[in-house]
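Below is one structure; the comments refer to it alone.
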Amino acid sequence: MLSKLNAEQKDAVTYLGGPLLVLAGAGSGKTRVITHKIAYLIEECGYEARNIAAITFTNKAASEMRERVGQLMQGKNAKDLLVSTFHSLGMNILRAEARLLGYKPQFSIFDSSDTVKVISELANSSDKQEIREIQTRISNWKSAFVTADRVEAGSAEEEGHARVYARYQETLRAYQAVDFDDLIHLPVRLFNEHPEALQRWQHRLRYLLIDEYQDTNDCQYQLTRLLAGHRAAFTAVGDDDQAIYAWRGASIENLRNLKSDYSQLRVIKLEQNYRSSQRILKVANELINHNTKVFEKSLWSDHGMGDAIRIYAARDDEHEAESVVMKLIAHKLEHQTRYSDYAILYRSNYLSRAFEEQLRAQRVPYTVSGGTSFFDKSEIKDITAYLRLIANPDDDPAFIRAITTPKRGIGNATLEKLGNHAGSRHISLFEAAFSAGMHELIAPNQYEDLMTFCRFIGRLEARADKEPCGELLDELLRAINYEAWLYDSFEPRQAEGKWKNVEDFTGWLKRKAEADEKTLLEMVQTIALINMLDGREESPDAVSLSTLHAAKGLEFPHVFIVGAEEDILPFRDSDEKGIEEERRLMYVGITRAERSLQISYCKRRRRGKEWALCEPSRFLEEMPQGELVHAGINAETQVSKEEGMDKLARLKAMLAKS
């Protein structure tokens with residue numbers, strides 16, 4: 001099992017003498033180390049699978065890890081292994097221990113859109129930027145384990161946000177709901193307040209493996225430290241050079257804290273890169289050496305030196321997009337590669353527009369990372385909430401979304417009393433509405449509105465598995481008067497687009513229900529299945545457009561990093577720590593490339609209706625100049641647009657003859 005590992009990887013897998021930090025450079029095989037260590041613990045060291053937890057940050061990474069462990073062990077003894085995200089682990093802990101914190105086990109989990117809706121109401125604002133700022137600030141407070149009553153506000157704005165934070169927490173509690181940050185925050189609080197619960201989980205999870213440790217926030221650090229306990233039986237895998245998420249609460253200090261919190265910590269460095277050419281790694285190493293390092297390391301590869309790194313100076317943003325797409329197409333035709341071998345990476349989402357236009361003009365297929373799924377659009381989630389509630393009246397998040405969209409005279413005060421009533425009886429909000437004593441808690445008018453809504457849902461539930469799906473959908477939309485509500489709530493053009501999406505969604509549901517002879521209840525299950533499988537289909541043959549943040553963890557044979565200019569990369573107004581994180585972001589982009597890399601910048605860029613002169617990113621000067629080839633405007637190797645188009649035409653002609 002260990003024969004295919006290099007010496008450092010094998011050392012990391014077999015070491016069990018205490019806490020271990022595996023400093024895993026980009027492309028050095030960290031997932032291989034984690035999966036082999038899980039198999040080693042079970043097959044060679046006598047650990048039960050149920051006593052091991054492997055924790056990572058994304059469902060995709062957890063799924064890949066679980067699959068690779070299954071392949072290593074050929075399905076044996078791994079059934080009860082816990083491979084999950086931090087949030088899934090937190091949810092499992094809270095489900096099991098909910099009553100100790102005053103929650104029912106069926107507590108609701110608010111997603112980002114649910115949270116935005118509550119904050120918007122509490123802040124009495126529809127300003128999306130303001131709401132995002134409040135949401136981010138609350139998230140960072142929770143990640144730093146700062147409760148609403150301990151916020152140190154340094155400005156009037158922060159004081160206002162702190163008041164919203166306090167009311168937001170009260171609202172969540174009243175709804176018997178938690179948000180994503182609570183899934184980490186509350187288990188830490190649970191373990192600090194209830195040692196018996198901590199002991200149960202320490203006994204259950206006897207060895208921890210934590211992936212991407214540099215991305216942990218303060219709360220996640222506390223959670224893993226509590227679970228590890230005095231045994232400190234864990235392997236943390238991370239890379240300080242790839243710490244790029246400070247803006248969402250991640251703290252690179254957690255790597256430093258490991259050294260101070262665990263005096264017996266052993267550090268094993270994985271420096272052999274299995275992805276990139278030596279020249280790409282030389283550029284990456286020299287760039288990142290300008291940062292203050294937590295741990296020293298230098299990546300190397302036996303893939304040979306590879307092509308020179310190309311630095312391209314474009315006239316403007318349109319010229320940059322044209323030249324990148326032209327070079328990409330020419331390279332694909334010349335080397336007979338796939339579109340999916342190429343990635344265009346950028347610092348901010350707005351930079352993608354020019355490249356999308358050029359790719360569409362050349363009929364090149366592409367995907368954009370982080371795009372909003374159709375099923376994640378707010379209007380689709382509104383209608384889906386009704387369908388979820390009809391299928392399962394105990395679905396509390398669906399209940400709250402449906403009963404408040406459109407508004408029907410039932411406000412926060414009524415929902416708070418309903419939430420408290422449900423929480424004290426450990427029942428769902430829907431069931432609580434019909435329970436004894438509820439009518440005494442709220443005013444008669446609000447109670448009648450509540451019962452009108454619940455009886456309406458009950459009637460549809462009774463018919464949902466018998467009558468045609470299309471008829472019930474039409475009746476639902478008429479009854480809630482959703483179209484009129486959209487036009488009352490949004491600008492006409494926006495409302496029209498949202499209603500068109502609803503019509504497309506319900507039309508698809510009707511057609512599929514009729515074709516597959518399915519009831520509304522069965523179609524709700526179909527929607528849930530689509531959401532669960534979303535993103536798992538085989539990757540299309542398309543160019544990847546992605547932010548540098550979203551590209552972390554990915555790799556491509558050929559990479560274009562665009563917009564390498566001051567005020568973009570590095571981002572404007574970055575302080576000293578910010579510049580170091582921006583440099584790590586450039587490092588992440590460079591180390592996504594396997595064989596070829598081009599970095600481009602513009603001489604000028606349009607800012608609204610005006611043109612602004614651009615300065616090349618300082619990071620370009622920090623790279624080893626002997627490994628770079630400069631091209632474009634004012635470069636000796638400049639190629640005109642006409643020459644480039646002529647070359648592209650010749651390549652296409654050659655391909656047509658072959």
Side-chain angles (χ1 to χ4, degrees), residues 53 55-57 59 62 82 84-112 114-116 118-119 122 134-151 162 164-205 208 210 215-229 248-251 254 395-397 400 415-416 419-420 422-424 426-429:
I55 309 167
T56 186
F57 278 84
N59 289 322
L82 178 61
S84 77
T85 63
F86 269 102
H87 292 94
S88 294
L89 174 62
M91 184 187 69
N92 289 336
I93 293 170
L94 289 181
R95 294 279 189 214
E97 312 288 351
R99 288 190 172 89
L100 288 177
L101 290 175
Y103 287 88
K104 57 179 183 176
Q106 296 80 23
F107 60 82
S108 303
I109 300 174
F110 276 19
D111 64 16
S112 181
D114 296 324
T115 297
V116 164
V118 173
I119 291 174
L122 294 176
I134 298 173
Q135 185 182 23
T136 299
R137 186 160 277 166
I138 290 174
S139 177
N140 288 340
W141 278 328
K142 287 189 178 186
S143 297
F145 211 65
V146 177
T147 56
D149 60 334
R150 301 180 75 175
V151 170
V164 173
Y165 179 22
R167 294 173 62 202
Y168 171 71
Q169 286 302 101
E170 291 169 2
T171 302
L172 287 183
R173 188 68 185 213
Y175 289 173
Q176 281 286 296
V178 301
D179 62 19
F180 274 20
D181 295 305
D182 287 330
L183 293 176
I184 312 298
H185 177 94
L186 288 175
V188 172
R189 182 182 139 198
L190 168 80
F191 290 152
N192 283 325
E193 295 178 358
H194 299 277
E196 72 281 9
L198 175 59
Q199 192 173 14
R200 277 195 294 273
W201 284 88
Q202 286 177 340
H203 181 73
R204 177 180 170 184
L205 304 179
L208 303 177
I210 306 104
D215 293 338
T216 56
N217 59 36
D218 293 343
C219 227
Q220 288 161 336
Y221 185 83
Q222 289 190 51
L223 179 61
T224 53
R225 192 172 181 207
L226 285 164
L227 285 170
R248 69 181 189 193
S251 174
N254 289 342
D395 187 334
D396 283 359
I400 293 167
L415 289 174
E416 183 174 350
N420 288 333
S424 65
H426 308 296
I427 57 178
S428 70
L429 297 172

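Atoms considered below: every heavy atom in the structure, side chains included; atoms not considered: hydrogens, waters and symmetry mates. Index from 1, following the sequence.
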Side chains of [X] and [Y]: closer than 4.5 Å at any heavy-atom pair?
X	Y	value
Thr147	Gln169	no
Phe86	Thr224	yes
His194	Leu190	yes
Leu89	Leu227	yes

As an exercise, state the distance from [atom1] of [X] to [atom2] of [Y], rounded to the nearest 0.5 Å.
X	Y	atom1	atom2	value
Ile93	Leu205	CD1	CG	7.0 Å
Ile210	Phe57	CD1	CZ	9.5 Å
Glu97	Glu196	CD	CD	8.0 Å
Glu170	Arg173	CD	CZ	11.5 Å
Tyr103	Arg95	OH	CZ	12.0 Å

Taking all atoms of both residues into account, what is the closest heavy-atom pair of [X] and [Y], and its distance?
X	Y	answer
Ala250	Asp215	CB-O, 3.4 Å
Phe180	His87	O-CD2, 3.0 Å
Cys219	His185	SG-CA, 3.5 Å
Ala197	Leu100	CB-CD1, 4.0 Å
Ala148	Ala166	CB-CA, 3.7 Å
Pro187	Leu223	CB-CD1, 4.0 Å

Just wondering, are more than 12 heavy atoms of other shown residues or ligands nearer than 6.0 Å to CD in Gln199?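 Atom CD in Gln199 is not crowded, with 12 or fewer foreign heavy atoms closer than 6.0 Å.
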
Ser139 side chain to Gln135 backbone, donor-acceptor under 3.5 Å: no

Can you check whether Asp182's main-chain N or O pairs, donor with acceptor, with Asp179's side chain at less than 3.5 Å? yes

When you look at Ile119 and Ile138, which way does the side chain to side chain contact (heavy atoms under 4.5 Å, CB included) test go after all the steps? CA-CA 10 Å; Ile119 291 174; Ile138 290 174; 4.1 Å; yes

So Gln220 and Asn217, side chain to side chain contact (heavy atoms under 4.5 Å, CB included) or not? Walk me through it. CA-CA 5 Å; Gln220 288 161 336; Asn217 59 36; 3.4 Å; yes

Trace of the side chain to side chain contact (heavy atoms under 4.5 Å, CB included) decision for Ile134 with Leu122: CA-CA 11 Å; Ile134 298 173; Leu122 294 176; over 6 Å; no

Partner residues of Arg137 under the side-chain contact (heavy atoms from CB on, under 4.5 Å) criterion, sequence neighbours left out: Trp141, Glu157, Glu158, His161

Report the residues that fulfil side-chain contact (heavy atoms from CB on, under 4.5 Å) with Asp218, sequence neighbours left out, ordered by chain and then residue number.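 Listed in chain order: Ala144, Ser251, Asn254.
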
For Phe191, is the NZ or CZ atom of Arg200 found under 6.0 angstrom from the centre of its six-membered ring and inside 45 degrees of the ring axis?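 Not satisfied by the 6.0 Å and 45° rule.
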
Working for side chain to side chain contact (heavy atoms under 4.5 Å, CB included), residues Asn192 and Leu226: CA-CA 9 Å; Asn192 283 325; Leu226 285 164; 3.9 Å; yes

Between Asp396 and Ser428: side-chain donor-acceptor atoms closer than 3.5 Å: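 No donor-acceptor contact under 3.5 Å links the two side chains.
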
